[in-house]
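Note sheet for the following structure.
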Amino acid sequence: MVPAEPIPSRTLVTCSDFGRALRTAAGTARLAPSSHNCQPWALLRLSGADARASAARLLRQPGGGPARADSEYVAVILDRGRQLDSLASHELEMQLSCGAFTQLLTRTLACQGWWLERAVLTDEPGGWAYRSVPAPVRALRDAGWRPDWSLLAVLELRYAGMPEGSLTEYQELTAARRTNRGPYQDRAVPADVLEQLLKPAPGLAAEADLDIRHLTARTDLDRFVSFVARYAGRDFSHPEAWRETYAYIRPTRAEAERRGDGFALSQLFGPLHPLRAAALRTALRPATMRVLRHVGYPRVLASRMAAAIRPTPAVVAMGLTPGSPGSPGAADVLRAGARLADYWLTATRHSLALHPISIVLQHEDLRERLQSCLGLPGRTVFVSRLGHAETGFPPAPRRGADTFTHTL
């Protein structure tokens with residue numbers, strides 16, 4: 001784990017070659033968290049004359065204007081061929097994941113001297129419909145735009161020659177961040193650390209209109225644990241949702257690494273004896289779960305989850321505050337995802353672990369009940385246990401950056 005004290009300053013470096021800097025940034029951004037580790041993002045470098053002109057028109061609406069010779073343009077895309085879609089809430093989760101990816105991307109570029117000049121996100125005033133290709137880009141279909149891509153953001157970056165921080169330090173911090181589903185120590189998170197977690201880094205994260213609550217009172221934590229025990233079985237007993245979840249569970253760590261996504265059983269339950277792993281995988285099969293749900297097995301799994309999280313000293317809940325709490329826009333969620341990534345890295349710097357409990361947010365009625373139970377404002381988009389993990393947890397596998405990085 002990363003030590004709680006500040007990491008010693010490293011030599012600052014810059015990279016004026018944008019292609020090289022972007023490859024480095026994509027290699028770091030691929031470590032962003034995503035639901036089921038499905039990694040639903042794609043990255044598009046807009047380097048051709050037509051692509052650059054399209055990006056410039058989007059970024060300078062409504063007046064338009066030519067692309068600047070000293071600017072570079074990239075597009076962040078939701079790859080719908082990789083998204084989860086068994087539940088309506090997965091749309092938000094995919095946007096949140098892509099927001100985290102975007103924050104890691106832009107911060108790694110800034111550490112190489114490439115600063116974010118401006119960004120246009122989906123459903124901004126004067127923007128475009130979320131599921132459509134914007135008019136200036138529509139003509140690029142023949143140049144490689146894919147029908148299952150949805151444009152989330154266009155970014156303009158400019159080389160400043162001055163890095164925002166140490167590239168090595170940021171890469172090491174990002175590599176240390178992971179989901180830890182193991183037991184946490186029953187000791188409080190210091191108040192000054194909780195305060196630092198509320199301060200966002202530069203970039204899209206600073207623009208997020210996000211309410212962050214730390215639940216540390218024993219009464220609130222007990223309410224949360226009881227809620228998980230009572231309702232978390234819903235996802236295990238939901239045929240479509242569980243079938244999709246199971247599709248991302250790999251039989252071995254080697255298979256997960258080969259595929260580059262999903263998670264091995266050991267990442268869910270920690271080290272397992274081969275016989276125990278085989279029995280678990282059989283019990284968790286969708287066909288088996290269809291039978292076991294009639295004898296209360298989902299409730300047993302929910303109770304075990306609740307027992308595991310009971311010693312956790314804190315729960316963090318993040319909620320979007322602007323507009324209608326029931327229907328946040330994609331741009332709002334993208335910024336929230338950026339803020340989430342920044343929060344998680346700050347937690348990692350202080351040797352804190354997170355374990356998202358998204359199962360209580362994925363069904364609208366449960367989310368509303370949870371918010372009412374805990375008095376959470378806005379529209380809660382993320383809830384996680386927070387604390388000091390007793391043991392380390394293996395990193396999740398990742399696809400190579402070359403599999404999702406493209407050029408137009």
Side-chain angles (χ1 to χ4, degrees), residues 26-43 77-87 89-101 104 148 174-182 232 235-236 238-274 276-289 298 301 305 308 337 340-341 344 353-359 361-362 382 384 392-405:
T28 302
R30 72 193 182 101
L31 302 178
S34 62
S35 184
H36 294 18
N37 191 27
C38 67
Q39 304 164 50
W41 46 72
L43 180 65
I77 294 163
L78 172 58
D79 183 349
R80 294 193 173 276
R82 298 192 62 84
Q83 73 169 28
L84 307 180
D85 58 9
S86 63
L87 298 172
S89 62
H90 284 154
E91 180 82 0
L92 184 147
E93 288 188 12
M94 300 300 96
Q95 297 163 6
L96 204 67
S97 300
C98 289
F101 171 87
L104 298 190
D148 56 355
T174 303
R177 184 220 64 81
R178 61 199 56 170
T179 297
N180 192 313
R181 299 179 178 86
D235 217 46
F236 298 112
H238 190 290
E240 291 78 16
W242 183 249
R243 187 180 303 111
E244 189 171 54
T245 298
Y246 187 81
Y248 282 92
I249 299 177
R250 312 302 180 209
T252 64
R253 175 76 184 175
E255 175 65 9
E257 292 289 351
R258 185 186 70 80
R259 297 179 67 118
D261 61 10
F263 35 74
L265 282 173
S266 59
Q267 288 171 303
L268 293 176
F269 303 100
L272 293 169
H273 186 279
R276 169 69 171 155
L280 263 176
R281 186 159 176 83
T282 298
L284 295 175
R285 284 175 181 164
T288 309
M289 289 292 283
L301 294 176
M305 178 183 293
L340 168 60
W344 209 324
L354 273 81
H355 171 201
I357 313 295
S358 57
I359 198 167
L361 299 178
Q362 291 179 335
F382 181 80
S384 172
F393 232 65
R398 288 295 192 274
R399 295 183 293 151
D402 59 322
T403 65
F404 61 77
T405 306

Report the distance from atom [atom1] of [X] to atom [atom2] of [Y], rounding to the nearest 0.5 Å.
{"X": "Leu43", "Y": "Thr405", "atom1": "CG", "atom2": "OG1", "value": "5.0 Å"}
{"X": "His90", "Y": "Ser358", "atom1": "NE2", "atom2": "OG", "value": "7.5 Å"}
{"X": "Asp85", "Y": "Arg80", "atom1": "CG", "atom2": "CZ", "value": "9.0 Å"}
{"X": "Leu354", "Y": "Leu340", "atom1": "CG", "atom2": "CG", "value": "8.0 Å"}
{"X": "Leu301", "Y": "Phe236", "atom1": "CG", "atom2": "CZ", "value": "5.0 Å"}

Legend entry - Within 45° cone of Phe263 ring axis and under 6.0 Å: Arg181 NZ or CZ: yes
Looking at [X] and [Y], would you say the former's side chain and the latter's main chain have a donor-acceptor pair under 3.5 Å?
{"X": "Arg178", "Y": "Gly392", "result": "no"}
{"X": "Arg398", "Y": "Ala32", "result": "yes"}
{"X": "Arg177", "Y": "Leu31", "result": "yes"}
{"X": "Arg285", "Y": "Thr282", "result": "no"}
{"X": "Gln39", "Y": "Ser34", "result": "no"}
{"X": "Glu244", "Y": "Ser86", "result": "yes"}

[X] versus [Y], closest heavy-atom pair with distance:
{"X": "Asn180", "Y": "Ala353", "value": "CB-CB, 3.8 Å"}
{"X": "Phe101", "Y": "Ala29", "value": "CD1-O, 3.3 Å"}
{"X": "Gly182", "Y": "Phe393", "value": "N-CE1, 3.6 Å"}
{"X": "Asn37", "Y": "Gly262", "value": "ND2-O, 2.8 Å"}
{"X": "Ala401", "Y": "Arg30", "value": "N-CD, 4.1 Å"}
{"X": "Leu84", "Y": "Ser35", "value": "CD1-OG, 3.4 Å"}

Determine whether [X] and [Y] make a side-chain contact, defined as any pair of heavy atoms from C-beta on separated by less than 4.5 Å.
{"X": "Cys38", "Y": "Met94", "answer": "yes"}
{"X": "Tyr246", "Y": "Thr288", "answer": "no"}
{"X": "Gln362", "Y": "His238", "answer": "no"}
{"X": "Thr179", "Y": "Pro33", "answer": "no"}
{"X": "Ser89", "Y": "Leu361", "answer": "no"}
{"X": "Glu91", "Y": "Gln83", "answer": "yes"}
{"X": "Asp261", "Y": "Tyr248", "answer": "yes"}
{"X": "Arg399", "Y": "Phe404", "answer": "yes"}

Inset, instruction - Before accepting this row, confirm whether a basic side-chain N of the pair Arg82/Asp148 lies closer than 4.0 Å to the acidic partner's carboxylate O. - result: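 Answer for the salt bridge query: no.
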Legend entry - From CA spacing to verdict: side-chain contact (heavy atoms from CB on, under 4.5 Å), Trp242, Leu284: CA-CA 9 Å; Trp242 183 249; Leu284 295 175; 3.9 Å; yes
Legend entry - Leu87 and Glu93: CA distance, side-chain angles, deciding distance, side-chain contact (heavy atoms from CB on, under 4.5 Å) verdict: CA-CA 10 Å; Leu87 298 172; Glu93 288 188 12; over 6 Å; no
